[in-house]
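Encoded as structure tokens, the structure appears first; notes follow it.
These figures come from a predicted structure and were not determined experimentally.
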Amino acid sequence: MPKINRIFNPDLEFIIDRENEFENYYEGNPLLNGIFCNEGATQNEETSLATVLKWQLQTNPQKEEKKKEYFKLETIQNNSFFEENKDCIVWLGHACFFIRLNGINFLTDPCLESMPFVPRKSSLPCQISEIKNIDYLLLSHNHRDHLDIPSLKKLLPQNPNMEFLVPLETADFLHRQVSKDLKIQEAGWYQQFKTKEKIKVNFLPSKHWCKRGLFDFNEMLWGGFWLETGLEKTNTNHKLFFVGDTAYAHHFKRIEKILGAADTVIMPIGAYKPPFMMHNAHINPEEAVKAFQETKGKTLIPMHYGTFDLADEPLGEPIKWLTSEMEKQGILEKLNVPKVGEMVYL
């Protein structure tokens with residue numbers, strides 16, 4: 001029998017009724033044989049070396065299509081949003097967004113340059129040195145295309161007071177790799193960070209995994225973020241769901257049940273082929289639309305495509321498939337596909 005323990009941050013509040021919201025008493029994030037796992041897991045789900053080798057050794061059926069494809073995200077050169085006061089969302093590529101809600105500035109999952117052996121395919125709308133006035137830096141998990149150490153180090157000089165909001169067991173790694181002086185809060189799923197009164201930030205589940213080295217599988221947690229102005233009695237209240245990396249699972253329905261409909265859902269749509277390798281970690285565009293419908297969201301903003309070539313599908317396929325699927329579902333008007341650097345006002 002697998003041994004399951006539970007962990008959470010005792011200094012943070014839960015956003016759920018821990019006794020009644022679930023069929024079983026919710027005691028925090030499950031640890032399966034000492035490491036984090038997805039909800040409902042009964043065994044460790046690490047991708048085997050054989051699966052990785054199968055992927056690397058097989059011929060990609062879309063190899064020639066990828067060679068012939070010319071797809072490049074359009075970038076608008078722009079740095080004005082760092083100084084404005086209107087609430088907005090600006091895509092910086094991949095899973096990195098500048099978000100201003102109720103005057104509070106957030107930056108998500110910055111991977112702002114090429115990674116080793118993985119060149120960046122889209123340009124930034126500004127210089128890294130121009131990214132400033134960040135109040136909170138949100139990190140969904142420790143994969144290198146989301147938690148990039150060089151990017152974090154380059155952000156610190158012009159953002160010395162920004163606070164890191166991260167999953168459980170991530171702080172020690174950041175203190176070692178980035179700076180021992182970082183201000184960091186860690187949260188488990190369904191916990192609320194301590195933030196400025198004008199904003200609420202909740203950490204939510206996703207179906208994914210974590211690993212940076214050979215022997216650290218699922219030693220740190222993963223998830224998504226729910227940002228809310230908390231001004232329910234005014235017309236300025238906005239609920240934003242930054243999904244993070246995820247496969248499709250039942251957590252989308254559960255999140256809507258707990259927190260209600262999201263105004264804006266920032267949803268990953270890329271890195272889904274081959275399915276035998278990616279299905280348990282990433283959502284494909286058809287699944288993304290299903291998940292969006294389950295959040296009862298008003299607007300879907302896609303991410304996690306076009307910036308890094310991480311899988312077998314052509315770079316432009318995810319957004320084409322997503323657009324087609326939303327049109328087929330009769331909800332194309334809910335899709336907002338911003339250019340990199342374009343300001344989307346809330």
Side-chain angles (χ1 to χ4, degrees), residues 73 75-167 169-187 193-196 198-199 201 203 210 212-213 220 225 227 242 244 266 303 307-308 338-344:
L73 293 171
T75 298
I76 298 173
Q77 290 302 311
N78 182 14
N79 62 12
S80 63
F81 48 90
F82 298 116
E83 301 288 354
E84 288 203 9
N85 55 17
K86 292 182 179 179
D87 285 1
C88 65
I89 299 173
V90 183
W91 191 28
L92 303 186
H94 200 53
C96 185
F97 288 82
F98 173 86
I99 301 168
R100 182 182 293 111
L101 269 182
N102 217 9
I104 308 298
N105 295 338
F106 297 87
L107 193 70
T108 68
D109 286 1
C111 185
L112 304 172
E113 299 176 306
S114 295
M115 298 180 288
F117 310 110
V118 185
R120 186 179 171 105
K121 302 288 188 178
S122 66
S123 57
L124 276 175
C126 60
Q127 299 297 314
I128 297 178
S129 60
E130 295 173 323
I131 301 175
K132 57 186 177 180
N133 299 327
I134 305 301
D135 296 297
Y136 296 105
L137 192 141
L138 311 182
L139 294 174
S140 66
H141 65 296
N142 75 2
H143 285 157
R144 294 173 189 269
D145 57 319
H146 295 259
L147 194 167
D148 180 59
I149 298 300
S151 295
L152 296 179
K153 288 182 176 180
K154 290 179 180 180
L155 287 167
L156 282 178
Q158 64 272 19
N159 297 282
N161 298 316
M162 70 178 173
E163 186 170 1
F164 285 60
L165 306 183
V166 305
E169 303 298 334
T170 308
D172 285 347
F173 173 80
L174 291 170
H175 281 139
R176 292 194 310 270
Q177 297 292 325
V178 182
S179 171
K180 61 181 177 59
D181 298 321
L182 296 181
K183 186 177 181 182
I184 302 176
Q185 289 186 57
E186 294 181 330
F193 292 97
K194 295 178 180 179
T195 55
K196 298 178 181 181
K198 295 193 294 182
I199 197 77
V201 182
F203 194 60
C210 277
R212 287 181 72 90
M220 303 179 217
F225 293 88
L227 311 182
F242 176 81
I266 301 178
M303 69 167 179
T307 300
F308 297 109
K339 302 176 180 66
V340 176
E342 179 182 355
M343 298 177 71
V344 177

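The shortest non-hydrogen separation linking Cys96 to Leu112 is SG-CD2, 3.8 Å. The two residues Asp109 and Ser140 come nearest to each other via the heavy atoms OD2-OG, 2.6 Å. Here the closest non-hydrogen pair linking Arg144 and Met115 is O-SD, 3.4 Å. Looking at every heavy atom in both residues, Leu107 comes nearest to Pro110 through CD2-CB, 4.1 Å. In this structure, Leu137 and Ile134 approach most closely via the heavy-atom pair N-CG2, 4.4 Å. The two residues Pro119 and Ser114 have their closest heavy-atom pair at CA-OG, 3.4 Å.
Of the possible polar contacts, none joining the Glu342 side chain to the Ile76 backbone as a donor-acceptor pair under 3.5 Å is found. The closest donor-acceptor contact from the side chain of His94 to the backbone of His146 lies at 3.5 Å or more, if one exists at all. The backbone N or O of Glu186 sits nowhere less than 3.5 Å from a side-chain atom of Thr170 that would complete a donor-acceptor pair. At distances below 3.5 Å, at least one donor-acceptor pair connects side-chain atoms of Asn159 with backbone N or O atoms of Asn133. At least one donor-acceptor pair closer than 3.5 Å links the side chain of Thr75 to the backbone N or O of Ser123. Side-chain atoms of Asp135 do not come within 3.5 Å of backbone N or O of Ile104 as any donor-acceptor pair. Remark: side-chain polar atoms of Gln185 are paired, donor with acceptor, to backbone N or O of Lys194 under 3.5 angstrom. Looking at Gln158, its side chain does come within 3.5 Å of a backbone N or O of Ile128 through a donor-acceptor pair.
Counting heavy atoms from C-beta outward, Ile99 and Leu138 have side chains that stay 4.5 Å or more apart. Inter-residue side-chain proximity for Met162 and Leu155 is flagged as met; some heavy-atom pair is nearer than 4.5 Å. By the 4.5 Å heavy-atom criterion applied to side chains, Met343 and Glu84 are counted as neighbours. Residues Gln127 and Asn79 have side chains not in contact (no heavy-atom distance under 4.5 Å, counting atoms from C-beta outward). Residues Asp145 and Val118 fail the side-chain proximity criterion, which asks for heavy atoms closer than 4.5 Å. Put simply, the side chain of Lys121 does not reach to within 4.5 Å of the side chain of Thr307, judged on heavy atoms. A 4.5 Å side-chain heavy-atom check between Leu147 and Arg212 finds at least one atom pair inside the cut-off. Side chains of Phe164 and Leu174 form a contact here, defined as non-hydrogen atoms less than 4.5 Å apart.
The structure places OG of Ser122 at 6.5 Å from CH2 of Trp91, a figure rounded to the nearest 0.5 Å. Between the CG atom in Asn102 and the CD1 atom in Ile199 there is a gap of 6.0 Å [rounded to 0.5 Å]. Taking CD1 from Ile149 and CG from Asn142, the interatomic distance works out to 9.5 Å, rounded to the nearest 0.5 Å. Summarising the geometry, atom NE2 belonging to His143 is positioned 12.5 Å from atom SG belonging to Cys111; distances are rounded to the nearest 0.5 Å. Here CZ of Phe81 is found 9.0 Å from CZ of Arg100. Values are rounded to the nearest 0.5 Å. Rounded to the nearest 0.5 angstrom, Leu165 CG and Thr195 OG1 are separated by 7.5 Å.
The number of heavy-atom neighbours closer than 6.0 Å to CD of Gln77, taken from other residues, nucleotides and ligands shown, is above 12.
When each of Phe193, Phe225, Phe106 is tested with Tyr136 by the rule ring-ring contact (aromatic ring centres under 6.0 Å, His included), just one qualifies, namely Phe106.
In this structure, Phe97 and Phe242 have perpendicular ring planes: the angle between them is above 60°, well past the 30° mark.
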